[in-house]
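Report on one structure; see the data block that follows.
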Amino acid sequence: MQYISTRAAQGQAQPKRFCEILLEGLAPDGGLYLPTHYPQVSSEALMRWRTLPYADLAFEILSLYVDDIPEADLRTLCRKTYTAEVFGSEAIVPLKRLEEGLYLQALSNGPTLAFKDMAMQLLGNLFEYELARHGEELNIFGATSGDTGSAAEYAMRGKKGVRVFMTSPDGRMSPFQQAQMFSLLDDNIYNIAIRGVFDDCQDLVKAVSNDLAFKQGYKIGTVNSINWARLMAQVVYYFAGYFQATTSNTERVSFCVPSGNFGNVCAGHVARMMGLPIEKLVVATNENDVLDEFFRTGVYRVRGSADTQETSSPSMDISKASNFERFVFDLLGRDSARVTDLFGAGLARDGTFDLHADPLFAQAASVYGFASGKSTHADRIATIRDTWQRYGVIVDPHTADGLKVAQLHRQAGIPMVVLETALPIKFASTIVQALGREPERPAKFVGIEDLPKRVQVMDADVQAIKAYITAACA
Ligand SMILES: *Cc1c(COP(=O)(O)O)cnc(C)c1O
């Protein structure tokens, strides 16, 4: 399998293999990596995969995309990653039936209680393996407002050859999220609380990455959601969800996905392109409805930070959807010149593009199965209440957005699987607002607010950050 950039100049594409893009973020031309084609899964393979344990299913799917890691090693990495011990059950991503035709798929029973663990845990093991093969080191430098940073730290803690420097806005994460991150005392984990807001943290990451000499000298890398390996790992749970919701491969299933950067649902798109019988891929957004607007109108309009709202489903508070370019690349028949124009110069100049008049736009729904909807704070609260009253189940605010939007797109005879992207305990104050009670706390998180913490508070000063990294690497 080879990989190309969504912006590769036609005829000049230099395809790369998996391990060459594993540690990379954006392609050098500013595009995102995608496989040159989507491997097709036969119905015999689907039959065979139906009964596999999750780790072996992951191996089967990954081996279609990774041909530069020996099979035995790849299988070992999958088995080491997807264990009942780490993910809380043998099923790893168990399906919960709410009522006839409506399911929740649990993706949030990993170490940080959000779906990002599904991919990040694998990434930790892949990084360690690949760095050891070449005797190299990597310093991950990132910015987080909550879920991504902690998932990265829990995946990389104690891993050889990797350090994590994670900035977050000082005092702005929930007490639970702060406790989760700052209580990690591993030598290779560096928490940096920045006096400022999330955008200041992101600006620091950009400034350091733009200093090419520093970036190369200190082997600076990222683990953001555009990393292909993360997306690939997420493809697996669409298969696992499909198998649990059906008894034969002639049935079709729809998925509804609480979305922000379009990483999760883009993995669903890849699964569907591989031939998994998915009917609809429903994109659920919160008040930051960049994606819902596109699927309804054909207009993609990124927001400025002033137009990006802080909501009660904060992990979906995005101003632009960083993985969206991948889908548009497919939608436009993989016309990389057009993608370069739309996402490069076009977006930088206008902050928007409009595909509504292009006949290909209609195919987003008719050929690719996409649908969308938006959920607001009031919807979220009502859905949390309703789900509790009807089914005795407490869902987190992001999953509530998914459930709300799923109701708009259900079809008779086609199961709707809503992806549960976090556990409610991470967002307790919204649950209290909706239900007047605290959600249950898994035993291993009882009392984490009282654990010793390690965090360095710093100003948003690029020179100071570089000096900090330099000292840590000495
Ligand atoms: C990251 C996240 C999302 C959004 O996922 P994308 O891949 O960015 O679309 C939704 N819910 C939760 C809880 C998250 O952490």
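Remember, it's 1-based here, ligands and their atoms both numbered in the order they're listed. Along the sequence shown, the residues carry numbers beginning at 1. Predicted model only: the values in this text are computed from it and were never measured.
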With respect to [X], determine whether any N or O atom, backbone or side chain, lies less than 3.5 Å from an N or O atom of ligand 1.
X: Asn264; answer: yes
X: Asp396; answer: no
X: Gly263; answer: yes
X: Gly260; answer: yes
X: Ser259; answer: no

Short list, please: which atoms of ligand 1 are under 4.0 Å from a heavy atom of [X]?
X: Met316; value: 10 (C)
X: Asp147; value: 13 (C), 14 (C), 15 (O)
X: Pro258; value: 4 (C), 10 (C)
X: Ala422; value: 13 (C)
X: Lys116; value: 1 (C), 2 (C), 3 (C), 14 (C), 15 (O)

Per-residue contact class, Phe262 against ligand 1 - non-hydrogen pairs under 4.0 Å =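 Near ligand 1, Phe262 shows its backbone, while the atoms from C-beta on stay back.
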message = For Lys426, run the salt bridge (charged side-chain N to carboxylate O under 4.0 Å, His left out) check against Asp147, Asp396, Asp117 and tell me which one passes.
response =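 Output: one option passes, namely Asp147.
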query = Tyr391: what forms a side-chain hydrogen bond (donor to acceptor under 3.5 Å, both in side chains) with it, not counting sequence neighbours?
reply =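 With neighbours one apart ignored, the set is Glu99.
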query = Listed by chain and number, what are the side-chain hydrogen bond (donor to acceptor under 3.5 Å, both in side chains) partners of Glu449, not counting sequence neighbours?
reply =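 Testing Glu449 for side-chain hydrogen bond (donor to acceptor under 3.5 Å, both in side chains), a comparison that skips the adjacent residues, returns Arg441.
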request  = Answer yes if the side chains of Asn227 and Arg230 hold a donor-acceptor pair under 3.5 Å, and no otherwise.
outcome  =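 No, no side-chain donor-acceptor contact under 3.5 Å.
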request  = Verify whether one side chain among Asn288 and Thr311 offers a donor that lies under 3.5 Å from an acceptor in the other.
outcome  =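 Not at all, the side chains of Asn288 and Thr311 share no donor-acceptor pair under 3.5 Å.
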